[in-house]
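A short worksheet on the structure shown next.
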Amino acid sequence: MTVVSPIGSAKPEPATQPERVGVLLVNLGTPDTADARGVRVYLKEFLSDPRVIEDQGLKWKLILNGVILRIRPGRKARDYRKIWNAEKNESPLKTITRAQSEKLGEAISDHDHVVVDWAMRYGNPSIRSRIDALMTQGCDRLLVVPLYPQYSAATSATVCDEVFRVLGEMRAQPTLRVTPPYYDDPDYIEALAVSMSAHLKTLPFAPELIVASFHGMPQKYIDKGDPYQAQCIATTDALRKRLGLEASKLILTFQSRFGFDAWLQPYTDKTIEQLAKDGVRRIAVVMPGFSADCLETLEEIAQENAEIFKHNGGEQLTAVPCLNDSDAGMDVIRQLVLRELQGWI
């Protein structure tokens, strides 16, 4: 005989403990060592990605292996040594990204089923190794956080590509979420403005104008539909509005061009050179496309472009530090992560 218990007398099921959630911060990457060999390994992985160099045909492979990987590693290794964290024997990008992960973990520690980790798209620690580590810790849900305020196929998308490759080899995959770009997020714009203002107050001079320098990209990538340029413009417009500056007092440029194709313009180095020739003597450079200081900010802007400015008649160039693991910067990351974890925590 089947006995049916009245609904009212049914015992409630015990509350289930939430499964663990992994949060993975991902930045671009860095060589493991500041020598030609370490840079060569890093550049080969980076420049072999079809998201970065879309034409991976025979011509490019001959150029990459026959020219670039023979000449460029030694030159870039010297640049890395100028900014290298000698105490930890690693690049500042690795030091800062680790600190961002640790501080985020502390900031959301009240959610004890959330595990925060970090990875590099190129180099170490790899995305594969950190996803494996999170899975080993029992994470069946994963939030991937590409640390790029502005989306591009060569940055945000290639992070997703690698995550999908790793998951594609798994039978039991974690449920996946990816944070969106935050180029015009009010918290991000406010953090930039506060950080800039605080830095400028420490200077013994007042900049005549501010250059907002973003990493460059081949123009043909934009022509194919990449939204990166539009998002850089939106960031700059929002920052001008927040700071109450006219377009002539906060100008947008693009740095770090590579190869012979036309890249997004105006170019940062050419603009800074022309400003000095036109009689501008004091400028500040902010780099809103970088979430952490790295070779492109600490060496290319703060050293190389500062020298270009002074060589052509300029007197003082200050590079505004990136948000890094500052309180303002961490608040941006924390708010972004908590927003995207809704329903999981």
Side-chain angles (χ1 to χ4, degrees), residues 23-46 72-109 115-130 133-134 145-148 155 159 191-192 195-196 198-199 202-203 213 215 255-256 284-307 317-334:
V23 176
L24 187 65
L25 306 185
V26 184
N27 217 317
L28 185 73
T30 171
D32 289 332
T33 55
D35 55 23
R37 182 182 181 279
V39 174
R40 185 177 297 108
V41 170
Y42 169 71
L43 285 179
K44 185 173 179 62
E45 182 183 9
F46 177 57
R72 196 169 178 85
R75 295 176 180 175
K76 299 310 291 183
R78 288 192 292 273
D79 292 339
Y80 271 105
R81 285 195 290 272
K82 296 176 186 177
I83 65 163
W84 203 250
N85 183 341
E87 181 181 351
K88 293 182 177 292
N89 191 26
E90 62 187 22
S91 74
L93 181 65
K94 185 173 286 189
T95 304
I96 294 166
T97 306
R98 180 191 297 109
Q100 290 171 325
S101 173
E102 292 173 351
K103 288 188 176 182
L104 177 63
E106 293 171 1
I108 61 175
S109 60
V115 183
V116 180
D117 208 336
W118 61 284
M120 295 292 175
R121 172 60 185 88
Y122 312 102
N124 295 301
S126 68
I127 289 175
R128 179 180 299 277
S129 70
R130 302 331 299 159
L134 289 169
V145 187
L147 291 172
Y148 312 111
T155 55
V159 167
L192 286 175
S195 174
M196 288 173 58
H199 177 75
T202 68
L203 301 177
S213 181
H215 200 289
Q255 66 182 85
S256 311
V285 183
V286 63
M287 294 141 287
F290 298 88
S291 62
D293 276 307
C294 55
L295 186 72
E296 287 80 3
T297 66
L298 298 173
E299 194 282 328
E300 184 180 351
I301 295 298
Q303 297 182 33
E304 182 182 333
N305 276 268
E307 180 58 32
L317 180 152
T318 184
V320 179
C322 295
L323 293 177
N324 296 323
D325 60 335
S326 66
D327 290 345
M330 290 312 306
D331 191 56
V332 173
I333 297 174
R334 182 181 64 84

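Bear in mind the structure is a predicted one, so any value in this text is a computation, not a measurement.
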Given 3.5 Å as the limit, does a donor-acceptor pair link the side chain of [X] with the main chain of [Y], or not?
| X | Y | answer |
| --- | --- | --- |
| Gln100 | Asn324 | yes |
| Arg121 | Gly29 | no |
| Lys94 | Asn124 | yes |

* Mutual orientation of the aromatic rings belonging to Tyr80 and Trp84 [parallel < 30°, tilted 30-60°, perpendicular > 60°] -> perpendicular

* Ignoring hydrogens and angles, state whether a donor on the side chain of Glu296 or Ser256 is under 3.5 Å from an acceptor on the partner side chain. => no

Tell me, yes or no, whether the heavy-atom count around [X] atom [atom1], taken from other residues, nucleotides or ligands under 6.0 Å, exceeds 12.
| X | atom1 | value |
| --- | --- | --- |
| Arg37 | CZ | no |
| Lys88 | NZ | no |
| Asn85 | CG | yes |

* **Met120: which of Leu28, Asp32, Thr97 passes side-chain contact (heavy atoms from CB on, under 4.5 Å)** => Thr97

* Asked: Which of these passes side-chain contact (heavy atoms from CB on, under 4.5 Å) with Leu147: Leu25, Ile96, Val26?
  -> Leu25

* pair Ser195-Leu192: side-chain heavy atoms closer than 4.5 Å -> no

* Asked: Does the side chain of Pro321 come within less than 4.5 Å of Asp293's, by heavy atoms?
  -> yes

* To do: Answer yes when Asp325 and Arg98 have at least one side-chain N-carboxylate O distance shorter than 4.0 Å, and no when they do not.
  => no

* To do: To the nearest 0.5 angstrom, please state how far the CG atom of Asp117 sits from the CD1 atom of Ile127.
  => 11.5 Å

